[in-house]
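Written below as structure tokens is the structure these notes are about.
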Amino acid sequence: MNKINKENKQKSKYFNHFIKDNKELLVNIDDKKIAITGASGSLGKEVAIFLSQFKNINKIIIININKERLTKVKEEIINLYKDKISDIDKKIEIHLCNYLIKEEVNELINYLINENINIFINVAGIYHLKKVLIENKIEQTLLINALTPIYIINKLLDFNDSIKIIEVGSISYKYFKLDINDLMSLKSNNLTKRYSNSKRVIMIYLTYLKISNPKYKILITHPGISTTSLFSPRREGYSKYFYKLIIPIMKKIFMNPKKASLSITYGVFSNNYDYKFWIGPKGAFKSFGYPSNQKLSKKLYKNKEFIKSIYDSVNDLINSYYSK
């Protein structure tokens, strides 16, 4: 069995399971324009591949910083579906954007607004990288994982408050205490804490948005535990021994990206915008298995004064960075 046929068989297995458990969800994507950031990474790529099989989707815009990798994703999608979807090459569009470059971020916003997109899926993110200050004031993990996507989301919602927003969170959000006076985690050298807090910041912010604006179609998802491209050696987040010894073991234990990406795909079809819930694997430790709606920790929404202070602080950081 060649590689493409093998992957098709696996995708069909996951897709059939999705259809079986979620028939009522398979609505409202005909003629939709969907934008996916981080689309050349493991999860974003799999979401793009999964959604591309729906013939009536208007367009899927795959976004990342590397044209070569995005082109490979598009070519893979075309090869998978060209026999079933005659215009698949026209449905998949590539757009470059680096979340660290303001001009590219603003250009992306204008492009998505002009395209009049219906669904924005933010998968882009970084993990376990050393502390780096951008323009000597904003730490890169918080900027990429929280501030920039929040900036984009707000601009899109200002233009059209019916756009559906899907943000990829992380179960690590509840493992560390968030300090309102140190949102960038500059006082800590714990790389996982910096990542965790960046995810918690965006999850709190979006939760506050949902509470304040019930009409907003905002969903938070998480993929569980999977060896995604966040663990890629090209990101240089770990030692060479970690990549050589630990990653192969992780790949045998944890879900592959195809299965992990189903939680994000579930969000595309879900109409449950209750701020007390998110979508993630329903198996052991809520980290393995197929997706379901799950309750969020009350820490994200119970203390209204606290989450409002996070919301205001984040807005101040975004304004200070993007206003120049």
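Along the sequence shown, residues are numbered consecutively beginning with 1.
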Please step through side-chain contact (heavy atoms from CB on, under 4.5 Å) for the pair Leu112 and Ile61, ending with a clear verdict.
-> CA-CA 9 Å; Leu112 296 178; Ile61 303 164; 4.2 Å; yes
Counting only N and O atoms by type, is there a donor-acceptor contact under 3.5 Å from the side chain of Asn118 to the main-chain atoms of Lys33?
-> yes
Lys72, NZ atom: more than 12 neighbouring heavy atoms under 6.0 Å | no
How about Leu191 and Leu129: do any of their side-chain heavy atoms sit closer than 4.5 Å?
-> no
Minimal heavy-atom distance between Ser52 and Ile85, with the atoms involved, is O-CD1, 3.2 Å
Trace of the side-chain contact (heavy atoms from CB on, under 4.5 Å) decision for Ile121 with Leu51 = CA-CA 12 Å; Ile121 306 172; Leu51 294 176; 4.2 Å; yes
Short question: side chain of Gln294, backbone of Pro281 - any donor-acceptor pair under 3.5 Å?
-> yes
Nearest heavy-atom neighbours spanning Ile180 and Phe306 | CB-CE1, 4.3 Å
Ile126 and Thr141 have their tightest heavy-atom pair at CD1-CA, 3.7 Å
Do the side chains of Tyr173 and Leu296 get nearer than 4.5 Å, heavy atoms only?
-> yes
Are any of the side-chain heavy atoms of Leu206 and Ile153 separated by less than 4.5 Å?
-> yes
pair Leu142-Leu317: side-chain heavy atoms closer than 4.5 Å | yes
Any link between Tyr216 and Phe277 through a network of hydrophobic side chains (Ile, Leu, Val, Met, Phe, Trp, Tyr) touching at under 4.5 Å?
-> no
With sequence neighbours excluded, residues passing salt bridge (charged side-chain N to carboxylate O under 4.0 Å, His left out) with Glu93 = Lys59
Checking Arg69 side chain against Gly41 main chain: does a donor-acceptor pair fall under 3.5 Å?
-> no
Decide whether a cation-pi geometry holds between Lys102 and Tyr321; the criteria are a distance under 6.0 Å from NZ or CZ to the six-membered ring centre and an angle within 45° of the ring axis.
-> yes
What pairs with Tyr205 under ring pair (Phe, Tyr, Trp, His ring centres under 6.0 Å), at least two apart in sequence or on another chain?
-> Tyr311
Provide the closest heavy-atom pair for Lys308 versus Tyr208 in the form atom of the first, atom of the second, distance.
-> CD-OH, 2.8 Å
Exam field: side chain Lys215 to backbone Asp161, donor-acceptor pair closer than 3.5 Å = no
SG (Cys97) and CD (Glu107) are apart, to the nearest 0.5 Å, by 8.0 Å
To the nearest 0.5 Å, atom NZ of Lys82 lies from atom CG of Asn79 at 4.5 Å
Answer yes or no: is there a side-chain heavy-atom contact under 4.5 Å between Pro149 and Thr37?
-> no
Using atom types as modelled and distance alone, determine if a side-chain donor or acceptor of Gln53 lies under 3.5 Å from a backbone N or O of Phe50.
-> yes
Distance (rounded to the nearest 0.5 Å) between Tyr111 OH and Glu104 CD | 14.0 Å
Is a side-chain donor or acceptor of Lys164 paired with a backbone partner of Gly267 at a separation under 3.5 angstrom?
-> yes
Side-chain donor/acceptor of Asn190 to backbone N/O of Thr192, under 3.5 Å = yes
Any side-chain heavy atom of Leu133 sitting closer than 4.5 Å to one from Leu186?
-> yes
Kindly work out whether a path of hydrophobic side-chain contacts (I/L/V/M/F/W/Y, heavy atoms less than 4.5 Å apart) joins Ile92 to Ile65.
-> no
Distance col, row Ser309:OG vs Lys304:NZ, nearest 0.5 angstrom, shows 13.0 Å
Hey, is the main chain of Asp179 close enough, under 3.5 Å, to the side chain of Lys187 for a donor-acceptor pair?
-> no
Report yes if some heavy atom in the side chain of Asn145 is under 4.5 Å from a heavy atom in the side chain of Ile202; otherwise report no.
-> no
Answer yes or no: does atom NZ of Lys130 have more than 12 heavy-atom neighbours from other residues, nucleotides or ligands under 6.0 Å?
-> no
All ring pair (Phe, Tyr, Trp, His ring centres under 6.0 Å) counterparts of Tyr301, not counting sequence neighbours = Tyr275
Steps toward side-chain contact (heavy atoms from CB on, under 4.5 Å) verdict (Lys210, Asp274) | CA-CA 8 Å; Lys210 293 170 74 173; Asp274 189 331; over 6 Å; no
Any Ile220 side-chain heavy atom under 4.5 Å of Thr207 side chain | yes
What distance do Glu135 atom CD and Leu100 atom CG have between them, rounded to the nearest 0.5 Å?
-> 10.0 Å
Can Tyr266 and Ser292 be counted as having a side-chain donor-acceptor contact under 3.5 angstrom?
-> no
Compute both the distance and the angle, then confirm whether Lys193 meets the cation-pi test with Tyr175: under 6.0 Å from the six-membered ring centre, within 45 degrees of the axis.
-> no
Give the intermediate values and the outcome of side-chain contact (heavy atoms from CB on, under 4.5 Å) for residues Lys199 and His222.
-> CA-CA 11 Å; Lys199 286 298 186 179; His222 78 91; over 6 Å; no
Examine the side chains of Asn197 and Ser185 and answer whether a donor and an acceptor come within less than 3.5 Å of each other.
-> yes
Where Leu70 and His95 come nearest, the two heavy atoms and their spacing | CD1-O, 3.6 Å
Heavy-atom closest contact (Gly169 atom, Pro223 atom, distance) | O-CD, 4.0 Å
How many angstroms lie between atom CD1 of Ile29 and atom CZ of Phe269, to the nearest 0.5 angstrom?
-> 3.5 Å
Polar side-chain atom of Lys295 near backbone of Lys276 as donor-acceptor pair, under 3.5 Å = no
Do Tyr99 and Ile101 sit in the same hydrophobic cluster, where Ile, Leu, Val, Met, Phe, Trp and Tyr count as joined when their side-chain heavy atoms come under 4.5 Å apart?
-> no
Donor-acceptor contact below 3.5 Å, side chain Lys45 vs main chain Val73 = no
